[in-house]
Amino acid sequence: MPRFAGGGADFARRGGQLRVSLTPRCQLGCWFCHNEGEIPPRITHHDRTIRPRRRALGTDDFLSAINTMTAAGISRVFFTGGEPLLSPLARPILQGLAQHQMSDYTTTLITNGLTLTKDLDWLAATALDRIKVSLHYFSDTSIATIAEGEPGDIAKIKAGIEAAVDDIPIVELNLLLQEQNAHEVMDIIAYARELGTGLQIIELVDTDHNADLGGVKVASGDISAYLRSIATAEKVVTSGTGQGRRVFIIPGRRGEMTIEVIDASLGRHHVGQCATCPKTAQCIEGFWALRLDSAGELSPCLLRPDLRLDVTPSAQDPAGLLAAVSAHLDAFTEGTLQ
């Protein structure tokens, strides 16, 4: 299988990721959810007349796309949603992943953790390299406020995280900074240190869907200052795709661990299409990921659904898929995508 050239090769070389959204459905309704560009669950939960796009890809389509893109040079694959484990395709897709070396590419499942204890046995037998659990709350009160969660949800999520630490090669946590969890951020950091998991702290991505639902963006400067006070090392990373980030090496119960803080003030990776984009002012991601969704479309930009590429015609044609994606990325990088 040929490798990417042009804009695709540059994206892959910079560590750009493929985010595979298996379903737009989720048990929770986080106010800030961008749902990989699909209508967020919080909206569809409250208005059943509003529905996400219909699924157009099957198990073999997803696996063919993943194999094609990794062979072409993509080195990071993330399985997302919605909540990916709600998809009937989750198990056959994840069990169908090819065995691979992490030096070639990595595979990560991003989950809310609510069904981890139920799904952990079969997940541990797959070729997944990493599970990342979204933990934006640390009490029943905060999960109700942030995600419309129910009593007992936090206990389920923590039980899943703690079980996964023993069965999955790498377990990490995700934390979005926001006004609603400011009082729990230190507790979540302490929890990650106790378990020895990695932790990524991120800033809000404003979208048309979440603009009026929750709160304002909370900058990461104060958290970085605290982490700096307990870190043994700090590295600032501004190369690659997406936002700049600060990487702290922190003592944890199981030894040294990494806490990564996404910091939009460090800059973003923008390309030609971004120069004239009307969304650039609100964009904190830059050109960060390719998003393949269950409706069969691939997008280089979270905020611009008009720039999606329909991949259904070439879903079972690896050479055709690579040619279509390559042409799309070349045009996006050059700023000529229509």
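We're numbering straight along the sequence, starting at 1.
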Tabulate below the donor-acceptor pairs under 3.5 Å that side-chain atoms of residues 149-173 make, not counting sequence neighbours, or state none.
{"residue": "Asp153", "atom": "OD2", "partner": "Glu150", "partner atom": "N", "Å": "2.7"}
{"residue": "Glu162", "atom": "OE2", "partner": "Tyr191", "partner atom": "OH", "Å": "2.7"}
{"residue": "Glu172", "atom": "OE2", "partner": "Arg130", "partner atom": "NE", "Å": "3.2"}

Say whether Asp129 and Thr107, considering side chains only, have a donor N or O and an acceptor N or O under 3.5 Å apart. yes
Exercise: do Gln27 and His45 side chains pair donor with acceptor under 3.5 Å:
no
From the list Glu297, His34, Arg308, side-chain contact (heavy atoms from CB on, under 4.5 Å) partner of Arg291 resolves to His34
> After noting the C-alpha distance and the side-chain angles of Gln316 and Ser64, does the key distance pass the side-chain hydrogen bond (donor to acceptor under 3.5 Å, both in side chains) rule?
Replying inline: CA-CA 7 Å; Gln316 288 294 314; Ser64 178; 5.1 Å; no
Going by an N to O cut-off under 4.0 Å, is there a salt bridge joining Arg53 and Asp293?
yes
Counting neighbours of CZ on Arg253 that are heavy atoms of other residues, nucleotides or ligands and sit closer than 6.0 Å, is the number greater than 12? yes
Polar side chain donor-acceptor pair, Glu184 to Ser139, under 3.5 angstrom: yes
Query - Donor on one side chain, acceptor on other, Glu148 and Trp31, under 3.5 Å - result: no
Check: Counting only N and O atoms by type, is there a donor-acceptor contact under 3.5 Å from the side chain of Thr80 to the main-chain atoms of Ile110?
Finding: no
**Exceeds 12 heavy-atom contacts within 6.0 angstrom, atom CG of Asp222** = no
Quiz item: Is the closest basic N to carboxylate O distance between Arg19 and Glu36 below 4.0 Å?
Solution: yes
> Cut-off 3.5 Å, side chains only: do Glu38 and Ser21 have a donor facing an acceptor?
Replying inline: no
Taken in chain and number order and not counting sequence neighbours, the residues that satisfy ring pair (Phe, Tyr, Trp, His ring centres under 6.0 Å) with Phe4 are none
Determine whether Leu227 and Val247 fall in the same hydrophobic cluster, where Ile, Leu, Val, Met, Phe, Trp and Tyr are linked whenever their side-chain heavy atoms lie under 4.5 Å apart. no
Chi angles and distances behind the side-chain hydrogen bond (donor to acceptor under 3.5 Å, both in side chains) call for Ser220, Glu203: CA-CA 7 Å; Ser220 59; Glu203 296 180 336; 3.2 Å; yes
Residues at least two apart in sequence or cross-chain that pass side-chain contact (heavy atoms from CB on, under 4.5 Å) with His269, listed by chain then number, are Asp10, Arg14, Thr241, Val271, Phe287
